[in-house]
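Heads up, the thing below is written out as structure tokens.
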Amino acid sequence: MDIPKVLLPKDLTQPTYTGAFISVCCCVFMLFLFLSELTGFIATEIVNELYVDDPDKDSGGKIDVSLNISLPNLHCDLVGLDIQDEMGRHEVGHIDNSMKVPLNNGHGCRFEGEFSINKVPGNFHVSTHSATAQPQSPDMTHIIHKLAFGEKLQVQHVQGAFNALGGANRLQSNALASHDYILKIVPTVYEDLGGKQRFSYQYTVANKKIQIGKMS
Ligand SMILES: *[C@@H]1O[C@H](CO)[C@@H](O)[C@H](O)[C@H]1NC(C)=O
């Protein structure tokens with residue numbers, strides 16, 4: 001039986017500089033592809049999806065709020081949180097799950113609180129309304145350390161406006177001014193790689209400063 005003989009053309013067996021060059025280029029290119037795919041695989045990717053529906057249907061129509069604010073020139077006895085909304089809620093001096101920390105040798109106060117609000121238009125404010133005696137000229141200058149809505153995200157530095165007011169500093173403003181922040185909050189679902197979902201909110205802020213002559 002004839003064994004077929006394979007004869008390679010001679011030019012395929014000769015090493016050439018061009019051939020070597022092409023081989024090296026291929027290796028470099030393959031390495032580049034490998035590394036770029038690898039970094040793409042390792043890097044975390046945040047995918048944004050927009051819902052029109054309310055994604056968090058189990059919340060019972062409530063949103064958790066977490067607030068941390070310092071008023072360096074208002075005594076803790078005067079500081080209180082009031083919550084009001086269109087469903088008829090009107091609460092003055094909400095104290096559940098909140099803490100007042102004296103600052104500035106007792107001249108100031110830090111208010112840290114967690115409370116929930118209804119998913120209807122409304123407002124909450126830090127004021128002196130709950131104090132037994134209203135001060136003549138309450139100094140409402142403040143720094144907001146944190147204002148966040150919904151479930152807490154465990155991850156740090158997620159892009160987005162989850163704590164848009166964090167760091168807002170109104171220490172240099174007129175002491176007697178009252179500060180209104182008009183917030184629009186948007187439901188945001190954060191899902192990690194394990195598929196665990198957290199129902200949080202992002203918000204935008206418009207700031208309005210009102211001079212007050214008297215307390216309402
Ligand atoms: C509130 O903010 C202050 C100042 O940044 C910080 O020291 C404090 O730990 C915060 N409190 C909470 C409950 O996060």
Side-chain angles (χ1 to χ4, degrees), residues 44 46 56 58-60 62-85 89 91-119 122-131 135 138-192 196-209:
T44 45
I46 293 186
D56 184 14
D58 303 329
S59 64
K62 300 263 186 199
I63 301 175
D64 293 332
V65 187
S66 165
L67 173 66
N68 185 352
I69 181 174
S70 288
L71 301 106
N73 299 306
L74 198 64
H75 192 282
C76 274
D77 286 349
L78 300 172
V79 174
L81 176 75
D82 313 323
I83 308 169
Q84 226 170 331
D85 70 28
R89 180 176 185 186
E91 211 177 317
V92 176
H94 178 94
I95 44 168
D96 292 346
N97 291 321
S98 65
M99 189 163 77
K100 294 193 221 173
V101 184
L103 295 178
N104 222 352
N105 296 321
H107 292 298
C109 191
R110 186 168 77 229
F111 182 90
E112 302 176 354
E114 310 244 331
F115 50 96
S116 61
I117 53 173
N118 295 314
K119 284 185 185 169
N123 73 74
F124 53 86
H125 46 267
V126 174
S127 76
T128 61
H129 295 168
S130 61
D139 183 338
M140 299 305 291
T141 52
H142 61 274
I143 298 183
I144 300 173
H145 306 297
K146 182 181 174 193
L147 176 62
F149 298 88
E151 271 187 82
K152 293 196 178 73
L153 302 181
Q154 302 299 345
V155 267
Q156 298 291 312
H157 312 301
V158 181
Q159 281 182 11
F162 293 95
N163 185 20
L165 265 176
N169 183 326
R170 298 286 178 273
L171 293 182
Q172 308 308 330
S173 60
N174 184 328
L176 295 180
S178 120
H179 303 263
D180 281 24
Y181 298 98
I182 298 146
L183 311 181
K184 289 203 160 64
I185 70 174
V186 183
T188 304
V189 180
Y190 181 88
E191 184 177 308
D192 63 20
K196 170 120 179 59
Q197 291 191 329
R198 288 179 195 283
F199 297 98
S200 191
Y201 293 83
Q202 299 185 72
Y203 60 95
T204 57
V205 190
N207 185 207
K208 188 167 74 176
K209 196 165 79 180

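For the numbers below, each heavy atom of this structure counts, side chains included, while hydrogens, waters and symmetry mates do not. Counting starts at 1 for both ligands and their atoms, in listed order.
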Residues passing the ring pair (Phe, Tyr, Trp, His ring centres under 6.0 Å) test with Y203, sequence neighbours excluded, are F149
Among all protein non-hydrogen atoms, which one is nearest to atom 9 (O) of ligand 1, and what is the separation to 0.1 Å? E112 OE2, 4.4 Å
For the side chain of N163 and the backbone of L147, is there at least one donor-acceptor N/O pair under 3.5 Å apart? yes
Per-atom contacts of ligand 1 with N68, taking only distances under 4.0 Å to non-hydrogen atoms: 1 (C), 2 (O), 3 (C), 8 (C), 10 (C), 11 (N), 12 (C), 14 (O)
Which residue supplies the protein heavy atom nearest to atom 5 (O) of ligand 1, what is that atom called, and how far is it? H145 ND1, 3.6 Å
Indicate yes or no for a side-chain donor-acceptor contact from K62 to the backbone of S116 under 3.5 Å, with no hydrogens or angles considered. no
Is it true that a side-chain atom of D180 and a backbone atom of N207 form a donor plus acceptor pair closer than 3.5 Å? no
